[in-house]
Amino acid sequence: MSAARPSRFAGTAAARGIRASFEFFPPKTAEMEQSLWEAIGRLAPLQPNFVSVTYGAGGSTRERTHATVKRILAETMLTPAAHLTCVAATRAEVDAVIAAYAQAGVRHIVALRGDPVGGVGARFSPHPGGYSNAADLVAGIKRQTDIEVSVSAYPEKHPDSPSVAADIDMLKAKVDAGATRAITQFFFENSLYFRYLDRVRASGVKIPIVPGILPVQNFKQARNFAARAGAAVPDWLAERFDGLEDDAATRKLIAAAVAAEQVLDLVDHGVTDFHFYTMNRADLVYAICHLLGLRPAREQGVELPLPAGERVLH
Ligand SMILES: Cc1cc2nc3c(=O)[nH]c(=O)nc-3n(C[C@H](O)[C@H](O)[C@H](O)COP(=O)(O)OP(=O)(O)OC[C@H]3O[C@@H](n4cnc5c(N)ncnc54)[C@H](O)[C@@H]3O)c2cc1C
């Protein structure tokens, strides 16, 4: 008889040490705001480790990111993590954002270099008076406040980087500056993540390297994201969505199956923490979390992460 797969152990996610975090982007319109809050309302009872809110390219969403993070703090019991980049801002401007977050009660920042103002592929040059890279930003945050800092990691190499080794050197610099967690760019082949993890551990970096999972809500869009992020889209993945362009219901089932296969394989290899790129939509992520053993707080008889009466949860 073969050994039991850890992903098939019975019991709650908490008992198995499994934790999820969810990433959202700040909404641009009232309609998007509504769908974001519906997604937060649906996912909040799963009691994520934290929820993060991205920072638009070039700091273009500074106010919206801040407003979303503040609303999460004010209206939910979730722990928000605010993304922050070095792009197109002086140190003083970035420091003011950090101070405002600290004052508002934010205890976690995801610190990034950010993409160049010209977009992915354009050459990055630091703002003359700004933080020069993500490690510099982490150090700047830690100088000001004892906030928790997460950073990025790239199992398939950052597109600007000459090699995985250079990426890992940058990761080390970020850890030396005070980062205590890395969240990976999304990937579809788990073997790439495991190979990268081996190299990171061999380099002496010990912080958690949390896999970033992108449920494929829309294959065409995911392929575009992957091209910009330098993430490989395997042929088998394209084949799974092939011919389903006009069949949304089957596409959704396939997306759930693909993501389930990926996360359960990660669990079988000992992974306990997952970061989901939600694209501000809850359904797929909720289903995958259910598979992982995460259940709404109400079923476990504990306080809901949204104050009662504030919002409709389901
Ligand atoms: C989990 C996660 C969350 C993200 N959230 C956001 C967000 O909210 N907003 C946003 O705008 N972007 C976000 N990004 C994207 C990120 O900003 C870009 O990938 C950016 O290009 C690199 O920033 P970084 O901090 O990830 O890179 P770093 O860790 O600083 O660098 C990554 C690699 O690229 C190399 N590198 C960096 N700059 C150069 C250079 N000039 N020349 C040669 N090599 C270089 C480094 O040496 C390193 O190897 C996110 C990425 C991830 C994985």
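Both counts, for ligands and for their atoms, begin at 1 and track the order of listing. Note that this is a predicted model, so its numbers are computed, not measured.
At a cut-off of 3.5 Å, with distance as the only test, a side-chain donor of Ser52 or His83 sits close to an acceptor on the other residue. Using modelled atom types, one finds a donor on one side chain and an acceptor on the other under 3.5 Å when comparing Gln34 with Glu38. The closest side-chain donor-acceptor pair between Thr61 and Lys28, if any, does not fall under 3.5 angstrom. Checked by atom type, the side-chain pair Asn49/Ser21 shows no donor-acceptor distance below 3.5 Å. Defined by atom type and a distance below 3.5 Å, a donor-acceptor pair is present between the side-chain atoms of Ser150 and His108. Using modelled atom types, one finds a donor on one side chain and an acceptor on the other under 3.5 Å when comparing Ser7 with Asp268.
The shell of residues lying under 4.0 angstrom from ligand 1, judged by heavy atoms, excludes Gly212. The shell of residues lying under 4.0 angstrom from ligand 1, judged by heavy atoms, includes Lys174. Ligand 1 has no atom lying under 4.0 Å from any heavy atom of Asn133. Using a 4.0 angstrom heavy-atom cutoff, Tyr154 counts as in contact with ligand 1. The closest approach between a heavy atom of Thr85 and any atom of ligand 1 is below 4.0 Å. Note on ligand 1: Phe186 sits outside its first shell, no heavy atom being nearer than 4.0 Å.
Taking every non-hydrogen atom of Thr54 and a distance limit under 4.0 Å, the qualifying atoms of ligand 1 come out as 8 (O). Listed by number with element, the atoms of ligand 1 under 4.0 Å from a non-hydrogen atom of Ala134 are 25 (O), 30 (O). The distance from ligand 1 to the heavy atoms of Gln185 drops below 4.0 Å at these ligand atoms: 53 (C). Interface atoms of ligand 1 facing His158, defined by a heavy-atom separation under 4.0 Å, are 18 (C), 19 (O), 20 (C), 21 (O), 22 (C), 32 (C), 33 (C), 34 (O). Less than 4.0 angstrom separates some heavy atom of Ala166 from each of these atoms of ligand 1: 49 (O).
The residue Phe25 has no part lying near ligand 1, judged by heavy-atom distances below 4.0 Å. Residue contacts with ligand 1, taken as heavy atom pairs separated by less than 4.0 Å, involve Arg113 via backbone and side-chain atoms alike.
The aromatic ring centroids of His66 and Tyr101 lie less than 6.0 Å from each other.
Two residues are said to be in side-chain contact when any heavy atoms from C-beta on lie closer than 4.5 Å; Phe22 and Leu78 fail this criterion.
Closest to atom 21 (O) of ligand 1 by heavy atom, among Leu171, Asp115, Leu84, Leu112, is Asp115. Comparing Asp160, Asp167, Val210 by heavy-atom distance to atom 45 (C) of ligand 1, the nearest is Asp160.
Each of Ile147, Val94, Asp146, Asp95 was evaluated against Ile141; a single residue qualifies, Ile147, per the side-chain contact (heavy atoms from CB on, under 4.5 Å) test.
For the pair Glu189 and Arg195, the salt-bridge criterion is not met [side-chain N within less than 4.0 Å of a carboxylate O].
When only interatomic distances are considered, the shortest N/O to N/O separation between Glu23 and ligand 1 does not fall below 3.5 Å. Between Gly114 and ligand 1, an N or O atom pair is found at a separation short of 3.5 Å.
Side chain of Arg295 to main chain of Leu46: no donor-acceptor pair is present (N/O by atom type, distance under 3.5 Å, no hydrogens or angles).
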